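For reference, the structure discussed in these notes is given below.
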Protein chains: 2
Amino acid sequence: MNIKFLFKLLRNLNSKTFDKGESIIKEGDKTNNVFYIRKGLVRSFLINDKGEEITFQLFAEKQLFGNVHTILFDEPSKFTFETLEKTKVYFTDVKTFQDLSSDNLDFQKMDSRIFGRQILKQAFQRIDSFVFLSPEKRYQQYLKDYPNMINRVPDKYIANVLGITPVSLSRIRQRISKKKY
Amino acid sequence: MNIKFLFKLLRNLNSKTFDKGESIIKEGDKTNNVFYIRKGLVRSFLINDKGEEITFQLFAEKQLFGNVHTILFDEPSKFTFETLEKTKVYFTDVKTFQDLSSDNLDFQKMDSRIFGRQILKQAFQRIDSFVFLSPEKRYQQYLKDYPNMINRVPDKYIANVLGITPVSLSRIRQRISKKKY
DNA sequence: TAAACTCATTAACAAAAGATAATAAAGGTT
DNA sequence: AACCTTTATTATCTTTTGTTAATGAGTTTA
């Protein structure tokens, strides 16, 4: 990655800090930004037909996130993205992201590598966990993959991400702790 | 999309027909091809620690597939891709795919749109279905999304894709047929 | 400080899923 | 046609999950 490119990147990168509980993207928005979390915690969720909030995904430091429904399919966001802690993000709109890509081959690789890759990798790992693992194993896998998440986030959010109810997650935790002997 | 580009695409595109039951990609392979199904049916699967084949995904006409583990992460394929019917595919290796992309802006859009998009869209829809839907609803959703699949593929493969056992899928089918009155 | 709220746990019951095995139906092979 | 194989269904039993509600710990708010 050359210096010229780095300057261009820096010229186009914005940063912003959100307080705990603020919405970065709201359901229905058509924002095109790609966000990088410098510090903090974000969850995406929607409200289902029963009026319940269902958490779809959790993002922490060094992770990229964005409104995939708009970025990839030009549709309004199905999810709201809300901070669970005071959160500092770097961001730029996807067009700039793509302009940088076509100017710079290194960045083009990064484009697919960082944005596409990271998101695809997470997506595939997650589908894997639903297809190949029981809820109990899936929880243990999640603990391994995101060991710090459990201490920063209410269990009910984790339960949603794993596709089970909070009550069931609580029972799984109990079962695991009994098995430890 | 201009004519020059079309010719270049055609020069680089291969086609091949596989008999029923042949493997297009084998677990452990590091093939870099992107495949487009002209006619036929393909399933990806792996063999778990109990020696059982678990089907991960099913692909039919007009769908793209490829060895994501190699293409995206430069790792050997976790899955075997096997035809369930006599299958004709067009394919080209990802490098050519990417060379074409950098030569041609239209194709660059297509690159992320067709390959990235289609795969990401499917991946997200699938995660959605695990997070927001019960197995029963998930099956009904699958029927809607892939209405012809059910007639071409053994139920046990569908069950794997939905993350449930074949026995459980059979019960779901029975339950649904009773509810129809 | 007291009241209100959020969240994890636990209980009780119903519903659904996993595991295993037996049976039946359908396809393919010799 | 007779045989073998594969697959879907059904039954039985066990385990797990969903649902609802009650409890209690911990936080937040007035």
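This structure is a prediction, so every number in the text was calculated from the model and none was measured. Only heavy atoms go into these numbers, but all of them, side chains included; no hydrogens, no water, no symmetry mates. Note on naming: letters A, B, ... go to the chains in the order of the sequence lines (proteins, then strands), and numbering restarts at 1 for each one.
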message: Run the ring pair (Phe, Tyr, Trp, His ring centres under 6.0 Å) test against A:F79 and tell me which residues pass, sequence neighbours left out.
response: A:F56, A:H69
Angle of first-five versus last-five pair axes in the helix from C:dT1-D:dA30 to C:dT30-D:dA1, to 10 degrees: 40°
- prompt: Any idea which heavy atoms bring A:T70 and A:E75 closest together, and the distance?
  reply: OG1-O, 2.6 Å
- request: Mind calculating the distance between NZ (A:K178) and C1' (C:dT10) to the nearest angstrom?
  value: 11 Å
DNA chain D contacts among residues 150-162 of chain B, heavy-atom distance under 4.0 Å: B:P154, B:D155, B:K156
Separation of atom CZ in B:R173 from atom C1' in C:dA16, rounded to whole Å: 18 Å
query: By salt bridge (charged side-chain N to carboxylate O under 4.0 Å, His left out), which residues pair with B:D155, not counting sequence neighbours?
result: B:R173
field: For A:K78, all residues meeting salt bridge (charged side-chain N to carboxylate O under 4.0 Å, His left out), sequence neighbours excluded
entry: B:D128
message: Tell me every residue that passes ring pair (Phe, Tyr, Trp, His ring centres under 6.0 Å) with A:F130, counting only those two or more places apart in sequence or in another chain.
response: B:F130
task: Name all residues meeting the side-chain hydrogen bond (donor to acceptor under 3.5 Å, both in side chains) criterion together with A:N14; count only those two or more places apart in sequence or in a different chain, and write none if there are none.
output: none
- request: List in chain and number order the residues that pass salt bridge (charged side-chain N to carboxylate O under 4.0 Å, His left out) with A:E85, two or more places apart in sequence or in another chain; answer none if no residue qualifies.
  value: A:R152
field: Whole-Å gap separating C1' (C:dC7) and CG (A:L84)
entry: 14 Å
Residue pair B:F65 / B:I37: nearest heavy atoms and the distance that separates them: CE2-CG1, 3.7 Å
- prompt: For nucleotides 17-30 of chain D, read 5' to 3', which letter fits each nucleotide if B means a protein heavy atom sits under 4.0 Å from the base, S means only the sugar-phosphate is that close, and - means neither?
  reply: BBBB----------
query: Please give, in whole Å, the distance from D:dT15 C1' to A:K137 NZ?
result: 15 Å
- request: Could you tell me which residues satisfy ring pair (Phe, Tyr, Trp, His ring centres under 6.0 Å) with A:Y90, sequence neighbours excluded, listed by chain and number?
  value: none
- request: Kindly say if A:Q174 contacts the phosphate of C:dT9, meaning a side-chain N or O under 4.0 Å from OP1 or OP2.
  value: no
query: Which residue pairs satisfy the salt bridge (Lys or Arg N to Asp or Glu O under 4.0 Å) criterion with at least one member in residues 17-34 of chain A, sequence neighbours excluded?
result: A:K30-A:D74
Between C1' of C:dA8 and CD1 of A:I176, the distance in whole Å: 15 Å
field: Within residues 159-172 of chain B or reaching into it, pairs that qualify as salt bridge (Lys or Arg N to Asp or Glu O under 4.0 Å) - sequence neighbours excluded
entry: none
